[in-house]
Amino acid sequence: MAYNLVVFVKHVPDTKRVTGEAMKEDGTVNRAALDMIFNPEDLYALEAAVSLKERYGGRVTVVTMGPPQAAERLRESLERGADDAILLTDRRAAASDTLATSYILSSLVRRLHSERPVDMIICGRQAIDGDTAQVPPQTAEKLGWPQVTYVEEIEEVADGTVRARRNTGRGWERVECPLPCLVTVTDRAPAARPAAAKRVMAVKKARVRSELEREVAGAMPDAPAEEQAAEVRRRAEALEARGLLIRQWSLDDFKVDLAWCGRDGSPTKVKRIQSVVLKGSGFKVIDPTPDAIASMVHELIEDHTIG
Ligand SMILES: Cc1cc2nc3c(=O)[nH]c(=O)nc-3n(C[C@H](O)[C@H](O)[C@H](O)COP(=O)(O)OP(=O)(O)OC[C@H]3O[C@@H](n4cnc5c(N)ncnc54)[C@H](O)[C@@H]3O)c2cc1C
């Protein structure tokens, strides 16, 4: 049986190469000063999807929500074996926190699912910039689909069920989950295969519409807007005929309530980013009894250490 698989990938700053200019004065990330890369764990998610396609047949569609430059990650996904890709880019989605991001992504998946039932969404466990690991679980919750997180290996998909091995921190457990479902994979899963040279050549001309607009504006800077638009249309049609036009969607392409998107739909505001080094300053011995543990938890909540 062939499976319709959707992979979420995020275009992120390379936080391993952070320099002094990586932060703006207000403490937010200065994305312009950092190289942008494929969120590392999303490469494992893509590999899991491509392997399932090879084993059972089906289709892998990669989705990213981000600025037009995120199209680079989609080309890379096509090079590494994805069949199709969608860039969701819209200024009204900017500054979305995890609640708004998962709302938008789940709404997009609803449209895909209505056109052709989706069997599985595969995501990286966590993004290296926002670092919350909340988007996939929130997406599953909004779709009302079950989820399997921290997956190291998708062992089998059969009879409408996925069997996977997930990391529990101190070991692993084997779980079964009915389809459709959402899976997050960690970097213990099989590593992504390198991009195949043949595919790199095949998709190097693939573009999203906003890239065509930029290229045309650069090539014919003095041409009137209508002429530029006509040239963009011509180039888009030529690419589409060769299967090289990457779909670019906005929030108008599927059903969403704009009040739940972007800054307005985001209760979380990132005010400052700080590097915190936690240091132990002592320890306290408690009796291993329910009362003593409850009292310790109470104390930690009162201190705002947890909660
Ligand atoms: C430094 C920093 C701190 C932040 N802190 C918070 C915070 O505390 N609370 C909050 O709500 N928001 C926060 N944000 C905003 C947050 O980055 C965005 O909401 C983001 O869209 C998703 O959260 P995440 O990066 O934590 O993703 P995670 O939930 O860690 O991502 C897990 C997986 O979900 C998928 N995914 C995530 N984002 C996308 C996307 N845009 N497109 C496609 N797939 C995606 C990928 O498969 C990814 O591997 C912060 C952002 C930054 C830069």
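A quick note: this is a predicted structure, and the numbers were derived from the prediction, not measured. Order of listing sets the numbers, starting from 1, for every ligand and every atom in it.
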Part of Arg125 within contact of ligand 1 (heavy atoms, under 4.0 Å): backbone

Distance-only N or O hit between ligand 1 and Phe8, under 3.5 Å: yes

Proximal ligand 1 atoms for Val9, defined as those under 4.0 Å from one of its heavy atoms: 42 (N), 43 (C), 44 (N)

Closest candidate by heavy atom, reference atom 21 (O) of ligand 1, pool Leu43, Thr101, Thr132, Thr15: Thr101

Numbering as shown, the atoms of ligand 1 that approach Val63 to under 4.0 Å (heavy-atom distance): 43 (C)

NZ/NE/NH1/NH2 to OD/OE distance under 4.0 Å, Glu41 and Arg125: yes

N or O pair under 3.5 Å between Cys123 and ligand 1: no

Shortest non-hydrogen contact from Tyr44 toward Pro190: CD2-O, 3.4 Å

Interfacing atoms of ligand 1 (cut-off 4.0 Å, heavy-atom, Gln134): 29 (O)

Atoms of ligand 1, numbered as shown, that sit under 4.0 Å from any heavy atom of Asp131: 25 (O), 26 (O)

Note: Arg92-Asp252 ion pair, threshold 4.0 Å (strictly below): yes

Asn39 contact mode with ligand 1 (heavy-atom cut-off under 4.0 Å): side chain

Closest heavy-atom pair and its distance - Phe38, Val12: C-CG2, 4.2 Å

Residue selection (non-hydrogen contact nearest atom 48 (C) of ligand 1) among Val135, Asp42, Val12: Asp42

Tyr3 and Tyr56 aromatic ring geometry - parallel, tilted or perpendicular at 30°/60° bounds: perpendicular

Option nearest atom 2 (C) of ligand 1 (shortest heavy-atom distance, choices Asp129, Asp97, Ile104, Leu105): Asp129

Proximal atoms of ligand 1 relative to Pro136 (non-hydrogen, under 4.0 Å): 29 (O), 32 (C), 33 (C), 34 (O)

Test: Glu237 and Arg233 ion pair at under 4.0 Å: no

Ionic contact status for Asp253 with Arg247, cut-off 4.0 Å: no

Salt-bridge present (Arg163, Glu155; N to O < 4.0 Å): no

Residues Glu299 and Ser295: side-chain donor-acceptor under 3.5 angstrom: no

Nitrogen or oxygen of Ala133 less than 3.5 angstrom from that of ligand 1: yes

Atoms of ligand 1, numbered as shown, that sit under 4.0 Å from any heavy atom of Ser96: 18 (C), 19 (O)

